[in-house]
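One structure below.
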Amino acid sequence: MTISEMLGQSGLLTLLGMCVVFGFLIILIFSMKLLHAVVHALKLDKGGAATTKPKTSSTPVAAAKPAVDQGAIIAAIVAAIHEKESN
């Protein structure tokens with residue numbers, strides 16, 4: 001078997017492999033679109049954000065305060081940096 005025959009066979013095998021992968025991707029895309037249509041037709045997509053409206057309460061909600069003092073955290077970070085730089 002000559003080099004040109006081997007290159008021809010390798011090119012043919014490469015094209016065949018690429019066609020198989022491309023065909024699989026096309027089948028996958030069509031099956032996903034079909035599944036989407038079936039799920040939407042049977043109204044099984046109840047968790048969709050566009051179909052449900054958030055419930056609103058009639059009582060106003062107060063703004064939440066941070067549970068941790070931010071000043072203490074900043075002071076601890078500054079102290080750690082200062083101690084690291086001094087060593």
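As the structure is a prediction and not an experimental result, all values here were calculated from the model. Residues: numbered from 1 along the sequence shown.
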Worksheet item: From S31 OG over to H36 NE2, what is the distance, rounded to the nearest 0.5 angstrom?
Response: 13.5 Å
Worksheet item: Roughly how far, to the nearest 0.5 Å, is the CD1 atom of I27 from the CG atom of L34?
Response: 13.0 Å
Joint cluster assignment, [X] & [Y], ILVMFWY side-chain distance < 4.5 Å:
| X | Y | answer |
| --- | --- | --- |
| F22 | F30 | yes |
| L12 | V20 | no |
| M18 | L16 | no |

Worksheet item: Is it the case that more than 12 heavy atoms not belonging to L28 sit under 6.0 Å from its CG atom?
Response: yes
Worksheet entry | Residue E83 excluded, over 12 heavy atoms near CD under 6.0 Å | no
